[in-house]
Amino acid sequence: MADPAIIGRATLYLGDCRDILPTLPKVDAVVTSPPYDEMRNYERSLDSWGEAVWLDIISKLHRATTDGAAVVWVVGDQVRGGDETGSSFRQALAFKEAGFKLFDTMIYEKAQVSPFGNQRGYAQTFEYMFVFSKGELKTANILRDRRNVRPGGQSVIAKGADADGLSAARIRKEIGEFGRRTNIWAYGVGGGDTGHPAVFPLKLAKDHIFSWSNEGDLVLDPFLGSGTTGIAALQMGRKFIGIEREPKYFDIACRRIEDAQRQGDMFIEGRAA
């Protein structure tokens with residue numbers, strides 16, 4: 001294994017994550033989007049490797065994470081002959097089999113319509129963002145940027161309906177201007193002339209890193225791609241480890257992370273908008 005590239009608080013490895021994961025220190029959070037199915041030319045996808053490969057990767061991620069760590073796994077499904085592959089669901093179940101909890105099933109709603117959906121069905125505009133935890137989740141910095149429709153004093157149900165279906169007692173509660181964000185997050189797709197076929201939206205990466213880690217924590221992306229997660233982690237005051245097996249993408253990631261640091265774009269966000 002070649003020596004990693006050290007760029008500030010980022011350590012970047014060129015190689016197969018299956019070989020590199022067992023050599024790493026334990027990380028506090030993982031944010032990644034693996035090369036699923038065959039919708040993009042990533043040189044090779046997890047689907048083309050076969051099920052045994054991503055089962056191996058998931059088990060190694062379990063060993064590479066600290067207790068309480070979150071793993072954000074952004075995936076979708078390809079349509080083949082009118083049939084969705086279901087890769088996302090099989091991988092989610094594999095995480096549970098490996099010992100992770102499925103903390104939340106979130107949706108990444110894209111501003112653009114995907115050309116890869118079923119052309120006879122409704123326009124495809126989302127991917128899954130599975131959030132897994134290794135045991136009890138240790139960090140949850142919940143974003144509160146959803147504007148409430150009726151802020152102020154409100155009469156609300158004290159708890160859910162009773163077992164017999166009757167409503168519970170109501171109480172008076174002060175509703176703030178902003179509430180918890182829902183688990184459907186909308187972004188434009190990542191863009192720019194990077195040379196990578198599917199760039200991660202920077203804001204998506206930053207919002208997850210803010211939510212599931214703290215300043216100074218160690219964040220991992222085992223499918224580094226164009227390096228967006230690394231840029232986000234450093235901008236959020238985290239340390240970062242990235243792994244990429246394709247030399248041309250590794251070079252792109254190194255260049256983008258170096259450029260971000262050169263521009264002095266290092267800051268801590270107290271509240272992502």
Side-chain angles (χ1 to χ4, degrees), residues 1-17 20-21 23-25 27-36 40-45 70-74 108 110-112 127 129 141 143 185-273:
M1 182 175 66
D3 291 336
I6 309 296
I7 305 173
R9 297 187 306 277
T11 304
L12 309 181
Y13 292 87
L14 174 61
D16 192 316
C17 65
I20 296 170
L21 283 171
T23 72
L24 301 179
V27 302
D28 300 296
V30 178
V31 177
T32 194
S33 181
Y36 54 85
R40 299 284 190 182
N41 179 18
Y42 299 106
E43 308 304 323
R44 286 165 292 173
S45 71
V71 177
V72 179
W73 191 259
V74 183
Y108 160 29
K110 302 178 181 179
Q112 298 88 341
E127 294 180 5
M129 300 188 295
N141 303 311
L143 291 158
W185 293 1
Y187 307 92
V189 297
D193 184 17
T194 66
H196 190 275
V199 179
F200 220 27
L202 179 63
K203 187 66 166 59
L204 181 153
K206 290 171 73 172
D207 285 352
H208 274 300
I209 290 168
F210 175 85
S211 297
W212 317 120
S213 69
N214 294 312
E215 183 180 349
D217 280 352
L218 180 58
V219 176
L220 166 70
D221 187 344
F223 303 100
L224 181 60
S226 64
T228 301
T229 307
I231 295 171
L234 295 180
Q235 289 183 349
M236 302 298 288
R238 278 65 166 169
K239 295 172 287 187
F240 180 73
I241 295 177
I243 307 171
E244 176 53 51
R245 66 184 179 187
E246 297 298 335
K248 66 180 181 180
Y249 298 155
F250 181 79
D251 291 342
I252 290 169
C254 289
R255 183 182 70 248
R256 293 185 72 220
I257 292 172
E258 286 173 346
D259 288 346
Q261 291 208 135
R262 190 178 302 112
Q263 294 165 7
D265 194 17
M266 298 294 129
F267 58 91
I268 307 300
E269 286 191 350
R271 176 180 178 274

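Residue indices begin at 1 and follow the sequence shown. The analysis underlying the following values was restricted to heavy atoms, covering all of them including side chains, and did not include hydrogens, waters or symmetry mates. None of these values were measured; they are calculated from a predicted model.
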Q | Beyond-backbone contact of Thr228 with Asp221, side-chain heavy atoms, under 4.5 angstrom | A | no
Q) If you measure from CD1 on Ile6 to CG on Leu12, what distance do you get to the nearest 0.5 Å? A) 7.5 Å
Q | Sidechain-backbone polar pair: Glu246 side chain, Lys248 backbone, donor-acceptor under 3.5 Å | A | no
Q) Closest heavy-atom contact between Ile257 and Gly230? A) CD1-CA, 4.2 Å
Q.
Within this structure, what is the CE-OG1 distance for the pair Met236 and Thr229, rounded to the nearest 0.5 Å?
A. 12.5 Å
**Q.** Separation of His208 NE2 from Phe200 CZ (nearest 0.5 Å)
**A.** 7.0 Å
**Q.** Over all atoms of both residues, closest heavy-atom pair of Val219 and Ser213
**A.** CG2-OG, 4.1 Å
**Q.** Shortest non-hydrogen contact from Lys206 toward Ala232
**A.** CG-CB, 3.3 Å
Q: Return the minimal non-hydrogen interatomic distance between Trp212 and Ala29, and the atom names on each side.
A: O-CB, 4.0 Å
Q.
Quick check for you: to the nearest 0.5 Å, what is the distance between Ile20 atom CD1 and Tyr13 atom OH?
A. 7.5 Å
Q | Sidechain-backbone polar pair: Ser33 side chain, Val74 backbone, donor-acceptor under 3.5 Å | A | yes
Q. So, does Arg256 use its side chain to make a donor-acceptor pair with the main chain of Ile231 at under 3.5 Å?
A. no
Q: Compare every heavy atom of Gly15 with every heavy atom of Ile243, then report the nearest pair and how far apart it is.
A: CG2-O, 3.5 Å
Q: First locate atom CZ of Phe240, then atom OG1 of Thr11, and finally report the distance between them rounded to the nearest 0.5 Å.
A: 9.5 Å
**Q.** Test item: Ile252 and Glu244 side chains (from C-beta on) under 4.5 Å apart, heavy atoms
**A.** no
Q | Separation of Ser226 OG from Leu202 CG (nearest 0.5 Å) | A | 10.0 Å
(Q) For Asp28, give me all partners under salt bridge (Lys or Arg N to Asp or Glu O under 4.0 Å), at least two apart in sequence or on another chain. (A) Lys138
Q: Identify the heavy atoms of Leu218 and Pro25 that sit nearest to each other, and give their distance.
A: CD2-CG, 4.1 Å
Q. Less than 4.0 Å between a side-chain N and a carboxylate O, is that true for Asp207 and Lys203?
A. yes
Q | Partners passing side-chain contact (heavy atoms from CB on, under 4.5 Å) against Pro247 (at least two apart in sequence or in another chain) | A | Leu14
(Q) If the condition is side chain to side chain donor-acceptor pair (under 3.5 Å), which residues does Asn141 pass it with, not counting sequence neighbours? (A) Asn214
Q.
I want to check something: taking the side chain as every heavy atom from C-beta on, are Arg255 and Asp259 in contact at a cut-off of under 4.5 Å?
A. yes
Q) Any side-chain heavy atom of Phe223 sitting closer than 4.5 Å to one from Cys17? A) yes
Q: Kindly write out the residues that satisfy salt bridge (Lys or Arg N to Asp or Glu O under 4.0 Å) with Lys110, not counting sequence neighbours, or none if the list is empty.
A: Glu127
